[in-house]
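Below, read A as the first sequence line, B as the second, and so on, with proteins coming before strands; counting in each chain starts at 1.
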Amino acid sequence: MNKQYKQIGDEVWKNRVEKINAELFTLTYGSVVAQLVKDYEDYQEVNKQLEKMGYNIGVRLIEDFLARASLGRCADFRETAEVISKIGFKIFLNITPTVTNWSSNNKEFSLIFEENPLAEFVELPDDGAADELWYSNILCGVLRGSLEMVQMQVEANFISDVLRGDDQTEMRVKLVKYLEEEVPAGED
Amino acid sequence: MSDIKIQSIAIIGKQNNPLYIKNFSVFHPDLKYHYIAHTSCDVIDERVGAAGPEAADTYLGLLYAMEDLDVYGYVTNTRVKFVVVLSVTNPVKNTVMKNLFKKIHNVYINQVCNPFYNLDGKKSIVSKRFVAAIDAIGITPSDDDVSP
């Protein structure tokens with residue numbers, strides 16, 4: 001099953017994805033974060049804004065993803081995690097974060113990022129950013145937004161980041177609930 | 001292995017403002033290298049003026065020599081200057097110096113790509129990673145070829 005996902009991811013990345021220059025992408029994201037920091041001057045607020053931006057990206061990105069990868073529904077949350085890691089991240093960032101640390105009820109997992117193209121060359125400023133800013137927080141929003149569009153409500157947040165001096169960059173993803181189709185109020 | 005000994009590395013911005021000066025020598029005080037970097041600015045401006053407007057990343061070679069110290073210069077396209085002071089026993093090959101400047105340039109480029117680094121600021125560079133990289137270059141210069 002896993003090998004299949006990896007192959008699908010590799011194949012889509014190779015053939016059906018247009019590429020852009022990596023430095024341009026990194027510098028663009030860097031200037032977005034730097035500008036947010038300058039505008040809000042409060043790192044918690046910057047984290048929130050990055051997450052919101054990510055949410056807006058995610059709700060749109062999921063359509064692109066489903067069109068490129070033409071997959072069916074995932075059987076369970078474990079499959080969702082594999083698809084996110086081996087196909088989702090592969091198609092859009094050409095990385096495959098490792099899925100680990102499943103909780104006992106299979107509703108939470110961690111993504112470990114060995115490389116993070118968003119954070120190339122970045123060094124956090126000394127003024128407390130290292131304790132408060134999650135530089136790649138936009139990714140949490142992207143996951144939340146895209147999974148909401150496929151009827152899953154999740155919470156995603158970083159718990160460690162090499163930019164902050166931690167050993168690895170790790171994001172925790174929790175499934176809150178499956179969203180049922182809501183019957184519009186007028187019908188019975 | 002070459003027998004050059006780097007005494008100091010200085011990086012000077014385009015308005016001749018010092019961005020970073022590091023003294024590796026145990027014999028001379030820091031201030032001496034500040035003076036040297038300062039006088040190097042004038043020599044560089046002279047040489048660059050003579051070279052004309054078409055200059056690319058320019059390795060300027062030996063700017064001047066004094067007592068037991070040789071001063072080498074390098075100017076980038078963006079008019080950022082690198083000045084390296086050596087104490088040498090034998091004449092140093094150009095290729096060795098060019099490689100050295102290329103390495104320093106790469107470290108500088110990595111620093112500039114940090115979105116939180118303010119390029120227009122008059123302040124010196126304080127990033128730990130930059131300082132560590134320059135230290136590494138200063139302490140063990142080697143003859144490896146460097147890719148950009």
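Under the 3.5 Å distance criterion, the side-chain polar atoms of A:Glu123 are left unmatched by any main-chain donor or acceptor of B:Asn114.
Transitive grouping of hydrophobic side chains (ILVMFWY, heavy atoms separated by less than 4.5 Å) keeps B:Ile109 and B:Val83 in distinct clusters. In the hydrophobic clustering of ILVMFWY residues, with side-chain heavy atoms under 4.5 Å counting as a link, B:Tyr20 and B:Tyr35 come out apart. A continuous path of ILVMFWY side-chain contacts below 4.5 Å connects A:Val12 to A:Leu61, so both sit in one hydrophobic cluster. One hydrophobic cluster, built from ILVMFWY side chains closer than 4.5 Å, holds both B:Tyr59 and B:Ile104. In this structure, A:Val142 is not a member of the same hydrophobic cluster as A:Val176, with clusters built from ILVMFWY side-chain heavy atoms closer than 4.5 Å.
In plain terms, the two heavy atoms of A:Val122 and B:Arg129 that are nearest each other are O-NH1, 3.8 Å. Looking at every heavy atom in both residues, A:Val37 comes nearest to B:Phe116 through CG2-CE2, 3.9 Å. Closest approach of B:Pro115 and A:Ser31 over heavy atoms only: CB-N, 4.2 Å.
You'll find the side chain of B:Cys113 reaches within 4.5 Å of the side chain of A:Leu27, heavy atoms only.
Taking OG of B:Ser127 as the start and CG of A:Leu124 as the end, the distance is 11.0 Å to the nearest 0.5 Å.
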